[in-house]
Amino acid sequence: MTIYAKLGYTLLGLLIVLNWGFLMGATFRKIGARVAGRYGIPFYQPWLNLLKNISTRTTITHGVMYYIGPVFRLTGGIGLFLFMPMVFTGTVDGPWTNFSFEGDLILILYFQVFGMLGMALGAGQGGHPYSAMGIARGLAQHAAVELPLTLAFISIAIQFDTFSVYKIVAAQQGGIENWVLFTNPFAAATIILAMLGAMGHSPFNLVKAPNEILIGPATEFEGTYLGFMQSAGSILHVMEAVLFMNLVFGGASNWIELIVKTFLIYFWSVFVGMVFPRFKIEQSVTWFFKVPLLLGFLAIIIYSF
Amino acid sequence: MKDLIEKLTEDFKISDVVYQRPDLAFVTVPKGVAISLVTELRDFEGFSHFVMMSCVDWIEEGKFQLLYLLHNPKTKTDVGVKTFIDRENAEMASAHHLWKQVWTYQRELKEAFGIDFPGSPRVDENFVVEGWTEMPHMRRDFNTKEYSQNTYFPRPGRETNDPAEYMRKKLYPNEPITAKKQDNDK
Amino acid sequence: MSEKDMNDKVNEMLQRSEANVKKAEKSFIHPEDEEREVVAPDGSIIKVNPIYDYFSGEKPKEEKPCSGIIEKFLNWARAESIWVLGFGTGCGSIEIPPLVTPRFDMFRFGVQMRPTPRQSNAFIISGYLSVKTLKRVIRTYEQMPSPKYILALGSCTINGGMYYDSYSTINRLDKYIPVDVYIAGCMPRPEALLAGFTKLKELIKEGKGEKANEYARNFDEYKANQKKIIKDWNMPDYNW
Amino acid sequence: MSLKDILTPFTAWSKVVKEPVTIKDPLNREAAPRYRGFHDNDIDTCIGCGTCEAICENEAIDLVPVDGIETKDGDSGLRPKIDYGRCCWCALCVDICTTNSLRLTNAYKWVDTDPDNFRFVPGVDEKDWYKREEGWRKPEPNYEFYGLKRVEMGELHPEEREDSFVEMIKGYSKEQAEAEADRCVECGICTATCPAHMGIPEYIKAIRNDDLEEGLRILYDTNPLPEICGRICTHKCETVCTIGHKGDPLSIRWLKRYIADQNPSEKYKKILETDILKKNGKKVAIIGSGPAGLSAAHYLVLLGYEVEIFEKLEKAGGMMRYGIPEYRLPYDQIDKDVNYILSLGVKIHYNVTVGKDITLKKLGEDFDAVFAGTGLHLGRSTRIEGTDHENVYQSIELLRKITQGEEIYVPEKIVVIGGGNVAMDITRSLARLQNQKYGKVQVIATSLETEEKMPADREEVIEAREEKAIVNPGWSPQRIEIVDGKIKGLHVVQCLSLFDETGNFNPQCNMENKNFFEADMIVESIGQGMDVSYISEDIKEHLELGPRGRFRVNDYFQTSLPWLFMGGDTIQGPDVIHGIANGHKAALGIDKFLIGE
Amino acid sequence: MINKFLGFEPDKDKLPSLTAKIGDDIDLSSHKYQKIWLGPNHPGVTGNMAVELWVQGNTVVKAKTHVGYLHRGFEKLIERRLFVQGFPTSIRMCVAEPDTNEYLIATCTEQLSGYDKAVPEMAKWLRMLSLEMARLQGLLRGVPGQGGTFALGLGVQWGVYLRDLILDRFEELTGARVYHMYIIPGGVRGLLPDGFKERMEDNLRDIDDFIIRIRKLMFHNSVFKKRAKGLARITPDMVDKYGIVGTNARGCGVKRDVRKDHPYLHYDQLDFDPPTDTDGDIYARTWVRWQELIQTVDLIRQIMAKMPEKGDIKAEMPNVLHWKIPKGETYVRLESGRGEYGMYYVTDGSAKPRRVNLRGPSYTHAIALLEDMLVGADVADVHAIMVSLQTCPPEIER
C-alpha cells in the first residue's frame, strides 16, 4: 500500500470517526433524554453546534497558551487516532490501520494524557478560577484512572508479549473466546472499571461539573476554540472506545462492527453515569485506587508468573 | 402569658400591652431595657426562638418602633417586645450576641432605615442595595415612585382620562361644577 | 532588601490599604478593586489597578456579516443551535426548569442551556432587573460572543411591570441593552417562551439578529444610560 | 456500601422503553379554561367607568377615547387601554368590572420585537384571541368587591303612613349611610347625568370619611337646596350609577339627604363660611321662589348681588311646597333650606304677583337684571268629554289646596288620570285623605303608558299600591260618564302605543278592550303648562320663541331681552334639579352680563 | 481508612484551625487563599444570589452571602398599595412557593380588620388545598433537586415533570401556573372546576410512583449516600441559636411544625404527623423531605375528601377600593415547605398598610447559618449545602 493511499484512508477514517463521534454523542443524549421521559436533541445537533461555534464573530484572547489549549486537545485526539488500528483487515499494512506500529500502545497512553495537559495550559492561561479548579481535578482524576489502566495494559502486553495494539487485536481474532475479556478477565475488569473514569461520565464527571465549577477548563473558551474542543472531545470519546475495543473486546473486522462495539462500550459508561451522582475529587481518586488498582495489580501478578 | 407579662411589668417598665391573639402579645418598653427584657425572656422564660426583628417608621411622631419578636417553643406563645427610638440619629443597642442571626437583621435595618447598631458585625456593609446614595429606602419619607420615575425612564406615551373630567369636557364644558376636592384617600 | 525594609514597606502598604478601604466606602469601589501596589517575588514593586489590568477597556466594534448565501447558511446554523445562558435574573427563571425537562423539552428545538457567558449566544432576561443585577447582566452580556441575542420576558422588561414604582428595579430594558424579542406575560408560560424562541429563530434566519452590532453602534448611548443608574461603576467600560 | 445501594439505582433505566411524556406541539397548546391570559373587552357593554384603572395596582390601565363611541349619559366614551409592560394578569380589573364587560381570555402567546407594541385597547384593536370563549371571568358565587345590595332605607310601614302626612322616609343612620357610601366606586359617571353636575363621588367620599361638613360644602357648591333635593330629586344619577349594572344603584339621593340632615341649620353659615358676604352694589330681581329662583338667589347673593324675590303665594318654595305632598317633603325641611338662603340677605316679597301687583317692565327698570323662575302652575286637561264638570279637578290645584290647608272635596271613589310623579302624589294624598275620612281607600290611578313605561318613579308606584291605591296603567281615557250631573265614572280603552314611528305623540288604542272605572271625582294629572301672563305684550314681542312654545334662551338662560333671564320648569320641564341647575347657571350668566368676564 | 492512609482525609487536629470567624481578615496576598465567587451567574447557586468564598485548596475558610440581586422593595411597594392590591405583589416575594405569601397577607388583613371569622368554610378548605399543592410542587422540585446538586439530574427531570402536572391543576383551579393570585383577603377566587378531583387523583398516583422511584434512585444510591451523609450537619443545639425552622430543624430531631404548634385553617382536622430524623445531615434533611412528600400527597387526599362540595368563596366585605383597617399590628405564620414563614403587619387606620415585614426561613438559613456552615466544606459541596438549607433568595431581600 502506498503512503498516499494510507494517508487517504487515514483522513477518511478521521472523518468517519469525527462524524461517528458526533452521532454517538447525540444518540446518547437522546437515550438519556428517553430515560428522563423526553425526546432530546435532534441527531444533527452536534454538527449545527459546531457550525455555529465556528461562525462566532468575536473572540477573546488570554494569550498564546489559551489558543494552544484546544489545539493540544485536538492533537491529542488525532494523535490517538493516527496510531490506532481501527479495523482489523488481516495485515498491518492494510487500510484503516493508520500508522499503527510496534509499541504504539505506549504512544497511545501518552496521547491520552496529551489533550488533558494541553487543556491545563489553555485553561491556566484563561485565568478563570473555575478553569483552574477543573483542570486540577481533571489531571488528578486522570492520574488516578491512568494508573490502573496502565497496569491493565501492561498485563495485556505481557499476556501477548507485544506493545502493538494491532498484534493484540490480531491475537484476539477467531472467536469470542479469544477476547481478552475472557482470556485475561482481571485486566478486562480493570479496564472496564477504569473506563468509567476515562469516559468522563457520572460519577466521574468532575472536570465539567456545572453546578460546582461552571464548565471546568472550558469556561473561558468560546467560538472556534470551543468547536475545536467539541470535535476533539468527540474524537477522543470514539478513540477511547476503540482503544478498549481493541484491547479487550477483540477489535473490529469492519466498520459496522466497530460502530456497534464502540457504541456498546460507550453505553456502559452512560449506563452507569445516568443513575449515579458525581463523586468529589478525593472520593473519585480513592475509588480508582481501591478496586481497579487492586485488579490491575492482580492482572499483572497473574500474568507475570 | 398574662401572668408572665404581669410578672415582668414592674421590672421592665412594660407599658401598653396588646393581646393580639391568645398566643401573641405585644409589649412596649423603654429603649434602655429592651435588650435586657429580650435577654430575660430568652434565658429565663423559655423564649428561645428569635422569630424576627422589625422596624416601623412612625414619621408623624418622629419615632422608629423596633420590634423583637420572640417565640417560646414549649408554650407555643409569642411576645413582641417593642421599643421606640428617635428618628433623628437613630441608634439602638445591638443584640447580636443573643442569637446568631440577629446581626443580619441589624445590618438590614441599618441599610433600610438608617438605624445604627454600634458593635454589630458587618453592620455597615451593603445588604440589598448597591451604590445607594439616597436616604435609607424604607423610611416613609422616601418616595419610591418619584424616585423610580425620575431615574428609570418609564416608557413614554401613556395618557389617561378621568371619566368624570372627560365627560365634563365633552358634554358640559361651560356648566358650573364642584371643585375637585383633595384626594386624601389615595 | 533587608527584612526590616521589607517589613516597613509592608506596614506602609497596610496603612495605605486601610486608607483605601475608608476611601472606598465613599466611592463604592470594593477595597480589593482599588489601585494598589504589590511586592513581586523579586522585591520589585508593581502598581496594580485590578479593574483595568484584568480586562480590556476597548470599545466593541461592529462585526460585518459574511456575504450572501454563506451568511444565510451560518444564520441557519445559528438559529438551530441556540445556547442560552443559565443566569436566572428574575422570577421568570422558574419557568426554565420545565423547559429543560420532559414536559416541554426545548432541546428538541435546538435550544440548550450553557453555564458560562462565553459559550452562550442567547440571554434570557427573566423579568425584572434590579440595578444590582443589571450591572452583572451588562457585564455578562458583554462577555458573550457576537452574534448574541436577548429575549426579554414579561412586563417588567417592557415598562417596569409590577415594579414600575420600585426604587430598585429598572423600567425599560431596551435603554441598557438591545433586546431582540419580547414575550408578554407575567410570567410567560413555557409555551410562550418556546414561541419566543421560534420568533427568534425566524429573526436570525432572516438576518435580523444583529442586535450585537446595534449595541456596538450605539455603545456610547447605552453606556451613558447604564452609568446614569449604576452609581458604583467599578468596572471597565466594556467587559471583553 | 451495600450491593443493594449499587444495583437499585439502575431500576431507573426501565423508563427508557416508555414513550416520552413531552407535549408534542407545545406551541398550539390550549391553556386551562380559567387561565388568565390576554384581555378582551365587550366595548358595547363597557361604559368606561374607570374602575379597572382605579384597582390596577400597576397603573397598567389608561382610559382613552375610542373612535365610534360617543360620550353620553352613563357612558364616558372612554375605554380601557392596557399596557402589557405593566400588567401582571391578576385579573382584579375583571373581578371589579362594574359591567362585567372586561374579561381575560386564555390566550397567552404574544411575542414581539418592538416593546412599544404591547399596548392595546381590548375589544377595539384587532387581536386574534377575542373569539376564544374560555378564560377568566369574575368568579361565582358571592364573590364581589363591593356591596351589590342597597342598604335598605327605613320607612314607615304602610299601615302607619296610609292615613297621615308624616314623612314616610326615615333617613339613614350613620352606619347605614357609611355602608351605603362604601359601595361607591368613585367613577363619576353620575356627575355628567346630574343636571346640576353635583360632585357626587366627592360628597359620598365625605360621608365615608365621616366629614359631613366637607360634604355640605360640596353640596352647596352646586346645589343650595340639599334637604329638598335629598328627598324629592328625580335622581337621574341613580339611573346611570355603574353599580346599577350588576346590582342596586347607589342611593345617591338618600346620601345627600343624610349629609343635609346631619348638619344643623345653625351651623350652616359657619360651615359654608358665608358669615360675611361682600356686596357689589348691583340688584337683581327674581320672580318666583321655586327651586330655580332660590338657586339663582343663592348664587347671586354669594356673588355679591342684592337679590329680591317676588313670590305670588304666601310662602316660599313654589312647586316644592305647593306641588309635593308633605309626607314626601315636610315643610320644615323646605324652611330649613329656604331660611338659610334668606339668611344670606335675600329679600323676599310674599303675595306679590308680578304682572298684577308690579309689572315686569318696572322690575326691569328698578333692577339691573331679572330672573324669572315661574314654573308650571297650570294644569293640563285631557279635553275628553265631560272634563268641564265641576268635580273634574287638576291635580296641581288640589295639591296646592292641600298644602294651604283648604278643605277639599274627597268622595269615596276617585280616578286619577296620569302616570307621572305628580299623579302618584295626588293619588297618594287623596288616598290618605280618604283614609282619614272613610277609613278605606278607593283611588284608581290610570295612565296611557303601560306599567313598564310609566314615567313615575318605580318606588312611587309600589308605595302607592302599598297604601292601597290602585294603579292600573295602560288605558286611554275616552269619556267621563255623567249621570244626573254627577260623575259616575271613566270609560277607557286599552292603549297600545304612545308614539308613532317618527316619534310623535300619537296614541294607538285597541277599541275592543274597554274598561270602566267608577268614580265620584276625577283628577287630571297629565302635565302642567306655564303661566306667562306676567309678561306684558310689549315685552313678549321682544322675546323669541323656541321649540314647544317655550322662550328661547341662550346657554346662560338669557332671553333675547338682555336683562331678562328665565329658567326652571318653564325652560326645561318639570324637575327640581333642573331648576336648581338653571338657577345656578343663570346666576353665573347674570354675573357675566352685569360684571363681565 | 484508605482515605486517611492516602492522605485525603487530613487529621484536622494536626492542622491549624480553619474556622475563621466572621470579620476576620483572610490575607489573600499570602497566596495561601484564593477568593472565588459562586454566583450570581452560576448554575450552582439557588436563584439569583452570590456566595463569596475564600478557599484554601478545595476547602472553604470563609464565606459571605451576597443578596439583593432580586431586591424589588416589596415591603415598600405594599405600603403604597391598597389592601386588596397587596396580594398580587406579595405573591412574587417567593417564587418557589408563592401561595404562602398570599395566605399571609390575606390572613393579616383579615385578622386586623376583624373579618377572619367571616371567611367561608369552603374558602378555608380551598386555601388549604392550594397551600398543600404549593408545598407539593415545591417538594417535587426540592427532593430530587438535592440529587441534582450532586449531578443526579434524572430525578430532577421526573420531579419537574410532575411538578408541571401539579401546575396544570393549579392552572385549572386558580387561573395561573406559577403566580396563582388565588387567596384574596376574605376568601379565594374560585371553586374547584369539574373533574378536578379525578385529575388530581391521577397525578397523585403518578407521584406515588415517583416517590418509590426516587427512593430507589436517591436514597438507595451508594454514591448519593457517600456524598450526602455526614455533610453539613445541624445539631439540635444549633436550632435555637440560629433560628432554624422547618425541615432543617426536623432533620436533626427538633420537631417544629407550625401546622401542629399553631394550627391554622383546618389543619387540626387533618391526620398527620410531621416526619423527623436524627442525623441532621443533608441525607437526613432530604429524607425528611421525602417523607413529607408522601405526607403531602396524603394530606391533599384528605383535604379533597373532607372538603365540602359547594359553598361561598368569599366573605362579604367592604368595597375594596376604600377599605380601611383600624390601627393595629399582628404577626401571622404558617409552615411553608422551607419552614416557619411569617409576616409582621402593621396598619395605621388608613387604606394602606403601614409596614409589612416578611420573615422568610432563608433569611437565617442562607446568611447566618450558611456562612458558618460553609466554613470547612469542600467547594464541590457548597451548592449541595445551599440547596439542602432550601435557600431562596427572593424571600431574603424581598
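The chains referred to below are lettered A, B, ... by the order of the sequence lines, with proteins before strands, and numbering in each begins at 1. Computed from a predicted structure; not experimentally measured.
- Heavy atoms of other residues, nucleotides or ligands lying less than 6.0 angstrom from NZ of B:Lys13 number 12 at most.
- At least one side-chain heavy atom of E:Val245 sits less than 4.5 Å from a side-chain heavy atom of B:His49.
- You'll find the side chain of E:His262 reaches within 4.5 Å of the side chain of B:His71, heavy atoms only.
- When the heavy atoms of residues 15-29 of chain B are compared with those of chain E, the residues falling under 4.5 Å are B:Gln20, B:Arg21, B:Asp23, B:Leu24, B:Phe26, listed by number.
- One distance of note links OH of E:Tyr331 with OG of B:Ser54; it measures 10.5 Å at 0.5 Å rounding.
- Residue contact with chain E, scored on non-hydrogen atoms closer than 4.5 Å, is absent for B:Val102.
- Counting heavy-atom pairs under 4.5 Å between each of E:His71, E:Lys76, E:Arg256, E:Arg80 and chain B puts E:Lys76 at the top.
- Scanning residues 92-101 of chain B against chain E with a 4.5 Å heavy-atom cutoff picks out B:Trp99, B:Lys100, B:Gln101, ordered by number.
- Chosen from E:Glu340, E:Gln111, E:Met238, E:Glu397, the residue pairing most often with chain B at heavy-atom distances under 4.5 Å is E:Gln111.
- Interface summary for chain B: among E:Lys241, E:Glu75, E:Glu79, the most heavy-atom pairs under 4.5 angstrom belong to E:Lys241.
- A distance of 6.0 Å separates OG1 of E:Thr364 from OH of B:Tyr105, quoted to the nearest 0.5 Å.
- The closest side-chain heavy-atom distance from B:Leu69 to E:Tyr344 is not below 4.5 Å.
- Within a 6.0 Å sphere centred on NZ of B:Lys63, other residues, nucleotides and ligands contribute more than 12 heavy atoms.
- Contact annotation: the side chain of E:Asp240 never approaches that of B:Phe47 to less than 4.5 Å [non-hydrogen atoms, C-beta and beyond].
- Of the listed residues (B:Lys145, B:Met53, B:Arg140, B:Arg42), the one with the most heavy-atom contacts under 4.5 Å to chain E is B:Arg140.
- From B:Asp78, atom CG reaches atom CZ of E:Arg333 across 4.0 Å, with rounding to the nearest 0.5 Å.
- Looking at B:Lys74, neither its backbone nor its side chain comes within 4.5 Å of chain E, counting heavy atoms on both sides.
- With chain B as the partner, the residue from E:Arg359, E:Glu329, E:Lys64 showing the most heavy-atom pairs under 4.5 Å is E:Glu329.
- A salt bridge does not link B:Asp57 with E:Arg354: every distance from a Lys NZ or Arg NE/NH1/NH2 to an Asp or Glu carboxylate oxygen is 4.0 Å or more.
- With a threshold of 4.5 angstrom between heavy atoms, E:Val346 approaches chain B through side-chain atoms but not through N, CA, C or O.
- In this structure, the portions of E:Val332 lying under 4.5 Å from any heavy atom of chain B include both its backbone and its side chain.
- When the shell of 6.0 Å around CD of B:Glu159 is examined, it contains 12 or fewer heavy atoms from other residues, nucleotides or ligands.
- Counting heavy-atom pairs closer than 4.5 Å to chain E, the top residue among B:Met52, B:Glu125, B:Gln65, B:His137 is B:Met52.
- Two residues are said to be in side-chain contact when any heavy atoms from C-beta on lie closer than 4.5 Å; B:Trp58 and E:Arg355 fail this criterion.
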